[in-house]
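Step one of this worksheet: look at the structure below.
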Amino acid sequence: MTSLEPARHALYAVLEDVLGTEHAETLMTHLPQHESDQVATKADLGRVETRIDDRFDRMEDRFDERFNRMEVRIDKMNRNFITVSFGTLTVMTAIFAFLTKMWV
């Protein structure tokens with residue numbers, strides 16, 4: 001039994017004497033059954049939603065930043081790969097041309 005239960009029973013007993021059983025039960029069903037610090041309001045849920053939205057926004061910003069850095073690194077790697085590949089092909093072509101002239 002919570003600390004609220006004895007007070008609820010006492011209130012119900014008084015209401016039952018004054019209003020009758022049916023009206024007392026109707027009124028009691030509309031009263032909160034929990035301590036007020038345990039009930040979430042729409043404002044509480046709105047604040048939670050705002051905090052979640054803020055966290056997702058920060059996560060999205062961090063993701064975008066990391067993705068952009070990764071994109072820059074991939075572009076740099078592609079340029080390096082093309083440069084090295086072109087240089088290698090140029091050297092191999094020169095070697096092939098030199099060897100071809102030697103054997104002819």
Side-chain angles (χ1 to χ4, degrees):
M1 193 180 278
T2 66
S3 62
L4 190 60
E5 286 298 314
R8 287 181 63 83
H9 284 294
L11 177 62
Y12 179 78
V14 172
L15 289 173
E16 190 175 32
D17 290 341
V18 174
L19 302 174
T21 305
E22 183 179 339
H23 293 300
E25 286 179 9
T26 301
L27 184 57
M28 292 301 289
T29 60
H30 290 87
L31 295 177
Q33 297 181 4
H34 303 284
E35 297 287 340
S36 61
D37 66 339
Q38 296 176 343
V39 177
T41 64
K42 287 183 180 181
D44 294 331
L45 296 177
R47 284 190 294 272
V48 169
E49 181 180 19
T50 300
R51 288 177 61 196
I52 289 172
D53 287 345
D54 290 345
R55 285 187 182 194
F56 273 113
D57 288 343
R58 285 194 307 268
M59 286 173 50
E60 186 177 14
D61 291 344
R62 286 189 353 226
F63 176 79
D64 288 344
E65 181 182 320
R66 288 181 181 184
F67 184 79
N68 289 336
R69 283 195 318 240
M70 185 175 64
E71 195 172 34
V72 167
R73 289 175 62 195
I74 288 173
D75 287 344
K76 185 177 179 180
M77 288 170 50
N78 282 338
R79 282 193 301 275
N80 288 343
F81 176 75
I82 291 170
T83 302
V84 168
S85 296
F86 183 74
T88 303
L89 286 174
T90 302
V91 169
M92 292 189 66
T93 303
I95 292 171
F96 180 73
F98 176 73
L99 292 176
T100 307
K101 285 185 180 183
M102 278 184 55
W103 287 336
V104 176

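What you are looking at is a predicted structure, and each value in this text was computed from that prediction instead of being measured.
Sparse packing is recorded around CE of Met77, with 12 or fewer heavy atoms of other residues, nucleotides or ligands lying under 6.0 Å away.
The line from CD1 of Ile74 to CZ of Phe67 is 7.5 Å long, rounded to the nearest 0.5 Å. One distance of note links CG of Asp53 with CD of Glu49; it measures 5.5 Å at 0.5 Å rounding. Note: Ile52 CD1 to Asp57 CG = 12.0 Å, rounded to the nearest 0.5 Å. The distance from atom CZ of Arg66 to atom CZ of Phe63, rounded to the nearest 0.5 Å, is 10.0 Å. Note that NE2 of His9 is 8.0 Å distant from CE of Met28, once rounded to the nearest 0.5 Å. Rounded to the nearest 0.5 angstrom, Arg73 CZ and Asn80 CG are separated by 12.0 Å.
Both Leu27 and Val18 are part of a single hydrophobic cluster, where members link through side-chain heavy atoms under 4.5 Å apart. When the side chains of ILVMFWY residues are joined at heavy-atom separations under 4.5 Å, either directly or via intervening members, Val91 and Met102 end up in a single hydrophobic cluster. Clustering ILVMFWY residues whenever any of their side-chain heavy atoms sit less than 4.5 angstrom apart, transitively, puts Tyr12 in the very cluster that holds Val14. Under a hydrophobic-cluster definition in which Ile, Leu, Val, Met, Phe, Trp and Tyr are linked whenever side-chain heavy atoms come within less than 4.5 Å, directly or via other members, Ile95 and Phe98 are assigned to the same cluster.
The hydrophobic cluster around Val72 extends to none of the other residues, as no ILVMFWY side-chain heavy atom falls under 4.5 Å of it.
Here the closest heavy-atom approach between residue Ala24 and residue Leu19 is recorded as N-CB, 4.4 Å.
Ion pair Arg47/Asp44 flagged as a salt bridge, since at least one NZ, NE, NH1 or NH2 atom sits closer than 4.0 Å to an Asp/Glu carboxylate oxygen.
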**OP:** Report the C-alpha separation of Arg62 and Arg58 in whole Å, then their side-chain angles, then the decisive distance to 0.1 Å, and conclude whether the side-chain contact (heavy atoms from CB on, under 4.5 Å) test is met.
**Re:** CA-CA 6 Å; Arg62 286 189 353 226; Arg58 285 194 307 268; 5.6 Å; no
Original post:
Can you check side-chain contact (heavy atoms from CB on, under 4.5 Å) on Glu65 and Asp61, steps first, answer last?
Top reply: CA-CA 6 Å; Glu65 181 182 320; Asp61 291 344; over 6 Å; no
